[in-house]
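Here is the structure we will look at.
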There are 2 protein chains.
Amino acid sequence: MSSPRSAAARVTMRDVASVAKVSTATVSKVLNDRPDVGAEVRQRVLDTITRLGYRPNTVARGLRSRHTGTIAILTDDLEGIFTNALMRGVEDAASTYDVSVLLANSYGDPERERKHLRRLLDRQVDGLIIMSGNRVRPRTGPALPLPDTPYVFLYEYGVGQAVPSILPDDRGGAVLAAEHLIEIGRRRIGFINGPASWEVTADRLEGLTDAMRAAGVPLDPAFVRHAPSWAPEDGFALADAMLAAAQPPDAIFCASDDLATGALAAIHERGLSIPGDVAVVGFDDRSLAVHQRPPLTTVALPLLEMGLVAGQRLLAAIDGEAQQHELIRIECQLRVRASTVGAAAFRRP
Amino acid sequence: MSSPRSAAARVTMRDVASVAKVSTATVSKVLNDRPDVGAEVRQRVLDTITRLGYRPNTVARGLRSRHTGTIAILTDDLEGIFTNALMRGVEDAASTYDVSVLLANSYGDPERERKHLRRLLDRQVDGLIIMSGNRVRPRTGPALPLPDTPYVFLYEYGVGQAVPSILPDDRGGAVLAAEHLIEIGRRRIGFINGPASWEVTADRLEGLTDAMRAAGVPLDPAFVRHAPSWAPEDGFALADAMLAAAQPPDAIFCASDDLATGALAAIHERGLSIPGDVAVVGFDDRSLAVHQRPPLTTVALPLLEMGLVAGQRLLAAIDGEAQQHELIRIECQLRVRASTVGAAAFRRP
DNA sequence: GCACTCCACGAAATCGATTACGTAACTCGC
DNA sequence: GCGAGTTACGTAATCGATTTCGTGGAGTGC
C-alpha cells in the first residue's frame, strides 16, 4: 500500500538514459551543452527529460564538480536597518544566475562568525558576501581567518582599500546635499553628523566641507556637530540647540534620516516653517523619510545597487575572472522632497 | 611550483582513515556516534581528526544520506517590514541545530515562486518556510504545488487552519490594547483599522469589540474606521476627522504603528496633549514606535518568536515527528510607553 | 585500398561520504 | 570443548551526477 505520490522516487539521470537508450554520460553532455553529441540523440534526450520531468540533483552535481551554485551572506546583524535592501540586491544578482543564497547571522560575535564560516565552507559554498548592515555599533571588519573561497565585503567599513569591498559614496552624497541646499539659496547650513566613532562620518563631513568651500559659502563650526548616537532624540537635541542661536541656521543637513526626523520635530516645536524658515536634508532614504511631515529630502543610499554589484563581483570571481582587490564606491542619489522645496505648507497652525 | 596553501587539498575521510589505520566506515561511525566502535579506536580516530583538521564534507554527506541540513525561506518580499525579524527567528532556530538557511525571494510573482521552489527542491532542502512579511499587498497564500518536503507557513494569512502555519494572536493583541486603555480610564475609544481587504483587520476589530463589550464600555461606530492603506498619512487623516467631532475620542487605537504616527501628528497639530487629551496605542512595535514623541505604547508582534517557533516546528517535522497540520497563534505583548501613561509632557508649547 | 583523423557515443572511475552486510575474534553456557 | 551469540571492525555497494578515456565507424587524402 504505497501512495503513488510519496512512493514516486525521484527521476534520475539513469532513468533518462535508459529510456532514451543512451548512457548517462551522454545525458550529462546534453545537459551541459557539450559539443560532442549528435543532433538527433540530443533531441531524443531532451524530449525524454521533459517527458519524465527529470531535474538534475544539485547535490550530486556539486559533489563531483566542486561547485555548488551557492553563495552565502554572512552578516553581523540580520535585523540591521540596511540589511534587507542589501540582501535583496545580492539575492537578485544570484538568482539571475541560478545561484542560491545561504544566510548566516553572527550577531557580531566572532565566535559565531567563525562557526558559521566553517559550516559554510563545509557546505562548499562557492563564495561569500561578508556584510554589515547595522547602525548599532561600528565594525572594523570581521576577525575572520579568510578562506581561499572568493569573497566580497559589503557595507563593511574599516576593511581597507586592498580587499574586494563595496561601499556607498558617502562623500559624494554629502556633496549632493550641500549643493542642493546652496542652490536653493541657503547660506547658514548646519550639519548634524553621526557619532565620531563611525568612520563614515568623516567622509560625509568632508563632502559637505568641500562642496561649501567650492561654492564659497562659509561653514560655521558652531553648526557642525557630532551626535552621540544616530537616534532621532539626538537629532532633536542638536537641532534645538542650533535653533536657539542668535542667528539660527536656515538649513540643517543630517547624516541620517533618523537624526533628521528629530530635527524636523525640533523645528516644528519652535513654530518654524519647513522649508520656509529651515530646510532639512537627511541621509539614507529609509522608508520613514517619505512619510515625514513634510516628506524629507534625503540622500539615498544605493543599497540595492550595492548588493547587486557585490553579488555580480562575487559571481564573476567565482567564474574565474581575476578578482579585483579594491574598494568600489557606489554613487548616492538625492531625493528632493518637500522639506527643502515647495510651498512652506507645513508651517504649524 | 605549487603554492602550499592553494595546493593543500581538503582533508578527506580517507586521509583520516589511513592515518588512523582504520577504514572509512569506522571513521564515519565515530563521527555519527554509532555504538559499534571500541573506545580505543574511537579515541584514535578523534585524535587524528583534530590533528589533521578534518571536516566532513556536507555535500557528500547529503548525497548519500538524503538530508542536507538545509532549510529554505521562501518569501514574497525580502524587504517587507517584518521580514528581518521573522527571518532572524528562523535563522536562530536553524543555526542552533547546525542547519543552514537558504533564502529565496519571489517578489510575490507566482512564476518566480515556482522557479525558486524547483531550485530549492533540486537542492534537496530538508524543509521550507513559506513566509510573507510585507504590508504592501495582502496575500491569500502562495499558489504553489506543495511538495512532499515538510513546510511551515509563516505570517501567511489566508492559508487556512489545516496546514502548519504560524500567525500572531491578532485578536488577543487588540484585547490587550483595549484593556489597557480602559484601565487607564478612557471611555471614548477610536479605532483606526487597516484596509478591510486585509484579513488581519477583522481579528483586531474583533478583539477590540470583545474587550470593550466585556468591560461594558460602548464603542461608537463613528469612531471605527478602516484606513485605505497602512500609511501614516491615512492615520493622520482619520485621526484628524475623529478629533473634529463634537465629542472627540479620548484615546485612539491604531492597527499599525505607521497609522499611529500619523495619528500622533494629527493630535499634535490640533494642539492637544498626549496622553492627557488623547492616548494613542499602536500595533506592531516597529523600531520607530519608541522614537515617537511621545514614545508610542503599542502591541508588539512576536515576530522573533514566530520565526523561532516556525523553525522549530519545521525541524521537528524533518526529524520525523508527525507534523501537526494546524495554525498556531503566538501571543502579542503590550509595550506601555508615554503615549498612554505618564505626565502629559508632550503637549505642544 | 590503406592509414589517418574526426565524430559520436559509452564504459568506468570519481567526488566523499553512509550503510548493509560479512567476518574474525572473543565470550558464554553447558 | 563446542556451537551460539556478541562485539568490533572492514569490504564494498551506494547516492547521482561529471569527466576521462577508449572505441567503432564514417570520412578524408593519396
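All values below were derived from every heavy atom in this structure, side-chain atoms included, with hydrogens, water molecules and symmetry-related copies excluded. Computed from a prediction, not measured in an experiment: that's the story for all the values here.
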Rounded to whole Å, the NE2-C1' distance (A/His67 to D/dT19) equals 12 Å
Rounded to whole Å, the CZ-C1' distance (A/Arg34 to D/dT18) equals 8 Å
Side-chain atoms of B/Val41 come closest, of D/dT19, C/dG16, D/dC9, to D/dC9
Taken to the nearest whole Å, CE/B/Met13 to C1'/D/dG10 is 14 Å
Check this one for me: any side-chain N or O of B/Asn57 less than 4.0 Å away from OP1 or OP2 of C/dC15?
no
Rounded to the nearest 0.5 angstrom, the CG-CD1 distance for B/Asp126 and B/Ile318 is 5.0 Å
CZ (B/Arg55) and CE (B/Met13) are apart, to the nearest 0.5 Å, by 12.5 Å
Side-chain-base donor-acceptor pair under 3.5 Å for A/Lys29 and C/dG10
yes
Checking D/dC15, C/dA11, C/dA8 against the side chain of A/Ala25 (C-beta onward), the nearest is C/dA11
Comparing nearest nucleotides in DNA chain D, the 5'-proximal residue of the pair A/Thr24, B/Gly38 is B/Gly38
Rounded to whole Å, the NZ-P distance (B/Lys21 to D/dC9) equals 16 Å
Discussion item. Below the 4.0 Å mark, does C/dG16 have OP1 or OP2 next to a side-chain nitrogen or oxygen of A/Arg66?
Written reply: yes
Ranking D/dT18, C/dA17, C/dC9 by distance to the side chain of B/Thr12, first place goes to C/dA17
Closest to the side chain of B/Asp36, out of C/dG10, D/dC9, D/dG16, is D/dC9
Does one side chain, of A/His116 or A/Glu111, offer a donor that lies under 3.5 Å from an acceptor on the other? no
Against the side chain of A/Arg61, the closest entry in C/dT18, D/dA8, D/dA17 is D/dA17
Rounding to 0.5 Å, atoms CG (B/Leu86) and CG (B/Leu308) come to a distance of 10.5 Å
Between CZ of A/Arg44 and C1' of C/dG10 the distance, given in whole Å, is 13 Å
Of D/dT19, C/dA8, C/dA17, the nucleotide closest to the side chain of B/Tyr54 is C/dA17
**Study point:** Check: B/Arg64 side chain, D/dT14 base, donor-acceptor under 3.5 Å
**Key:** yes
Against the side chain of B/Ser28, the closest entry in D/dA17, C/dG10, C/dT19 is C/dT19
When A/Val27 and B/Val22 are each assigned the nearest nucleotide of DNA chain D, the 5'-most assignment goes to B/Val22
For A/Arg42 and A/Thr26, test the side chains for any donor-to-acceptor distance below 3.5 angstrom and give the result as yes or no.
no
**Prompt:** Within the pair B/Thr58 and C/dA17, is there a side-chain N or O less than 4.0 Å away from OP1 or OP2?
**Reply:** no
Rounded to whole Å, CZ of B/Arg42 lies from P of D/dT7 at a distance of 14 Å
Separation of D/dA17 atom P from B/Gln124 atom CD, nearest Å, is 9 Å
